[in-house]
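In what follows, every heavy atom counts, from backbone to side chain, and hydrogens, waters and symmetry copies are set aside. Here the structure is a predicted model, which is why all the values come from computation and not from measurement.
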Amino acid sequence: MIIACCLALAVLLARPVSIRRPKPEARSTVAELARLLSIATAAGLPLATALESVVDELSGDVQLAVRRVVRSARTVGLTAALLEAADLGSIAPALARAHSTGSPLSQTLDAHLTAHGAERVSRALEAARTAPVRVMVPLALLLLPGFTALVVGPTLLDHVLDVTRLGR
């Protein structure tokens with residue numbers, strides 16, 4: 001059992017370590033859109049120009065939704081186009097509200113990023129809470145038998161030798 005554990009540990013340590021990097025074909029998220037819009041509006045761009053400038057930096061469904069908003073904004077107006085963009089989630093109505101009332105976009109985007117950050121933290125905490133449950137089976141199957149053999153084995157051997165009187 002100990003040999004099997006050592007072999008498993010050697011195999012795990014021999015595997016090449018991979019660094020998590022975003023793949024070029026990775027899909028953009030609404031949080032990434034909010035970060036890019038925050039940078040663009042902090043540079044002084046109005047919302048319509050900021051959306052046009054960040055659309056090429058996005059990918060996937062978010063890019064398509066932003067392209068639809070930019071295209072639709074030319075005919076129906078930016079506020080109406082944002083209100084129609086259900087694909088962008090909660091950021092679209094918030095941006096439409098900020099655009100129509102003239103309130104600062106930076107506050108709206110910061111609030112969205114803060115809420116998204118809190119959501120990510122709660123998901124990470126949930127994963128941390130379930131980690132002991134997921135580790136229980138490998139711990140019981142791999143470590144406990146070896147530990148038991150190391151602790152109980154010598155004592156059991158002494159008792160067997162005493163009972164059979166080979167130890168004297």
Distance-only criterion, 3.5 Å: show the donor-acceptor pairs between side-chain atoms of residues 106-113 and protein atoms not counting sequence neighbours.
none

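- By the side-chain hydrogen bond (donor to acceptor under 3.5 Å, both in side chains) test, R71 is found to be paired with no residue, residues two or more places apart in sequence or in another chain being considered.
- Taking CG of L142 as the start and CZ of F147 as the end, the distance is 15.5 Å to the nearest 0.5 Å.
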Distance-only donor-acceptor hits, side chain of residues 35-48, under 3.5 Å, sequence neighbours excluded:
residue	atom	partner	partner atom	Å
T41	OG1	L37	O	2.8
T41	OG1	S38	O	3.3

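- L141 CG to L143 CG: the interatomic distance, rounded to the nearest 0.5 Å, is 9.5 Å.
- Qualifying side-chain hydrogen bond (donor to acceptor under 3.5 Å, both in side chains) partners for T130, counting only residues two or more places apart in sequence or in other chains: R134.
- For the residue pair S53 and A50, the shortest heavy atom distance occurs at OG-O, 2.9 Å.
- By the side-chain hydrogen bond (donor to acceptor under 3.5 Å, both in side chains) test, D87 is found to be paired with R68, residues two or more places apart in sequence or in another chain being considered.
- The minimum heavy-atom distance linking L144 with A140 is given by the pair CB-O, 3.5 Å.
- Nearest heavy atom pair, residue V62 against residue L58, reads CG1-CD1, 4.0 Å.
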Donor-acceptor contacts under 3.5 Å from residues 150-160 side chains, at least two apart:
none

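- For E52, the side-chain contact (heavy atoms from CB on, under 4.5 Å) test picks out V70, R74, with sequence neighbours left out.
- In this structure, L51 CG and L82 CG are separated by 6.5 Å, a value rounded to the nearest 0.5 Å.
- For E119, the side-chain hydrogen bond (donor to acceptor under 3.5 Å, both in side chains) partners are R123, not counting sequence neighbours.
- Remark: V55 pairs with Q63, V66, R67 by the side-chain contact (heavy atoms from CB on, under 4.5 Å) rule, at least two apart or across chains.
- Looking at heavy atoms from C-beta onward, L95 lies out of side-chain contact with H99 at the 4.5 angstrom threshold.
- Taking the side-chain contact (heavy atoms from CB on, under 4.5 Å) definition, one finds that A81 meets it with V69, S72, A73, V76, sequence neighbours left out.
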